[in-house]
Student: 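Questions regarding the structure given below will be posed in turn.
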2 protein chains.
Amino acid sequence: MQKAKTDGSISLNRRRTGKGIRENNERIILKAAEVAFSETGFKGTSVTRIADLAGIPKANVHYYFPRKIDIYREVIDRVCQLWLDAADFRGSDEPETALRNYISAKMDLAYSEPLGSKLWAMEVLTGAPILGEFIREKLLDWFELEKAQVQSWIDQGQIDTVDVQTLFYMIWASTQHYADFAAQTAILNGDKALSKDQFETAKGTISHVILKGVGL
Amino acid sequence: MQKAKTDGSISLNRRRTGKGIRENNERIILKAAEVAFSETGFKGTSVTRIADLAGIPKANVHYYFPRKIDIYREVIDRVCQLWLDAADFRGSDEPETALRNYISAKMDLAYSEPLGSKLWAMEVLTGAPILGEFIREKLLDWFELEKAQVQSWIDQGQIDTVDVQTLFYMIWASTQHYADFAAQTAILNGDKALSKDQFETAKGTISHVILKGVGL
DNA sequence: GTCTATATTTCGATAGAC
DNA sequence: GTCTATCGAAATATAGAC
C-alpha cells in the first residue's frame, strides 16, 4: 500500500517538499484515477475529472503523466499485481482447506479492494484492450497450474467430477460480484451498502455451496 | 426480436420505402447502440461511433433520436424487459426443478443475449444511473417474492439453510459471467469464444454445484 | 514544480439545402 | 427522410510565464 522510497522513508498523504513531491502527487493522481476509471472506464473518463478528484490542476496531471493512457496503464498494472498477490491453491494439498481459504481471500479482496475488481470488470467488458496482454502472458500460466491442482483432486476422487474452468469462474464471479455489482446489491439491501457482517455471511454461504457442491 | 407493425407486416433488415422507414432505421440504430454502449458505456460511446456501426450518417441518428440519452434509455428499457421476461421460480413449487430451470434459463440468456447482460453490468458498474430506478421499482418487488419462495424451502427443510440473497447472487454472477467476461474466458480458452457445447458443460457444472451445494 | 492560457481535436447537437 | 456543413462545448495535450 505504501511506497518505500530510496531514502527509506514513507510518503503518505502529507505534502512534502523536495524529493518526495513527484512520488506523492503521482500517488494522489493514481488514487483518483482508480476511482474515476472504475466508474466510467477509459474512454468515459476525462483528465479533468481525474484532476478534480485529485484536487490538482489538470495541467499538473499532464506534467506527471503526459497522456491519459499513461495513467490508465499504471492503474491497471496495480490491479494485475493485486490479482497475482491474491491467494492461490498451491499453499495446500487438501481441497477443503484450499478452497475455503481461496474463497475467503477472494471475498476479502472484494471487500478491501472493490475498485480494483471493478476496474478489472470494466476492462474485460470493454474487450480487455490492456488486460488482455496480462491475461495471456501471466494469468494463463497461473490458471493452468491451478486447474491442474483441482483436476488432480478429481482424478483422486477427493472431489466430484466437475468442469474445472467453470468451478473457477463460479468462485471468481460470485466473490467479485460483491465488488462489481455493489450498486445493485446496495439497492436490493434497502439502499444501504453491505456491512462487513453481511460480507462474512455471504462468504459463509458461498463457501458452503461451493464446498458441498463439489462433494466436500 | 421482430417488431410487428400496424399494418401487420414485419420489417427486417431490408430497406423499405414509406411508413416503415422510421421503424426500420430506429431498429438498426438501436442494434448498433447496444453494441457500442455495451463496450464502452454511456459516456465512453460517441454518437459518431453508433452512426458508423449502424452505417448511417450521424445527422440521421440525431433525426431519429435527438439526444444520445434517448438512444441509451431505449436500449436499457429493452434490457429491463429481457430480465423481467426471464424465467422465475414461481412456475414450480419443487426446489430441484425450479433451481435447475432457472439456472438453465439464465445460462441460455447469457448465450443468446450477451449484449444485454453486458449492458446491465456496465450500467451497474457506473453506479446504475438509469437502471437504479428499474431495480428499485420493479426488480425489488420481484426479488422479494423469489426470495420468499426459496426461504419457504429452507423453512420446510427442503434445502439447506443458506443466505437466500447470496444464493441468488451466486446464480446471477455465475451465469452472467459467461456473457460479461466473455473476453476473458475466450483468452483462457485459447483465444476462442466458448462453443455452445462448452456453455452446456458450464451449465451442467453450475447446476451440479448449486443444487448439491444447497443439499439437493 | 505550479498554473494560466491556449492550440487542436472530438463531441453532441442543429441548420438548412436537397 | 437524407446529408453536408457547422456551431458551441468539452476534451486531450502543450506552451510558457511564474
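Below, read A as the first sequence line, B as the second, and so on, with proteins coming before strands; counting in each chain starts at 1.
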Student: If you measure only the distance, is there a donor-acceptor pair under 3.5 Å linking the side chains of A:W120 and A:Q176?
Tutor: no
Student: According to a strict under-4.0 Å criterion, is B:Y64 in side-chain N/O contact with OP1 or OP2 of D:dT2?
Tutor: yes
Student: Are OP1 or OP2 of D:dT4 and a side-chain N or O of B:N60 less than 4.0 angstrom apart?
Tutor: no
Student: Testing B:T45, B:L30, B:I76 for side chain to side chain contact (heavy atoms under 4.5 Å, CB included) with B:I71, which one passes?
Tutor: B:L30
Student: Could you tell me how far apart B:Y63 (OH) and C:dG16 (P) are, to the nearest whole angstrom?
Tutor: 17 Å
Student: Of all the choices, C:dT4, C:dG1, D:dC3, which nucleotide is nearest to the side chain of B:A59 once you look at every atom?
Tutor: D:dC3
Student: What nucleotide, of C:dG12, D:dA13, C:dG1, holds the atom closest to the side chain of A:R67?
Tutor: D:dA13
Student: Between C:dG12, C:dG1, D:dT12, spot the one nearest the side chain of B:H62, thanks.
Tutor: C:dG12
Student: Report which part of the nucleic acid B:F65 touches: base, sugar-phosphate, or nothing (heavy-atom distance under 4.0 Å, all strands).
Tutor: nothing
Student: Check the angle between the aromatic planes of A:Y72 and A:F42 and answer parallel, tilted or perpendicular using the 30° and 60° thresholds.
Tutor: tilted
Student: To the side chain of A:K58, which of C:dG1, D:dT12, D:dG1 is closest?
Tutor: D:dT12
Student: Return the nearest nucleotide to the side chain of B:K68; candidates are C:dG1, C:dA13, D:dT12.
Tutor: C:dA13
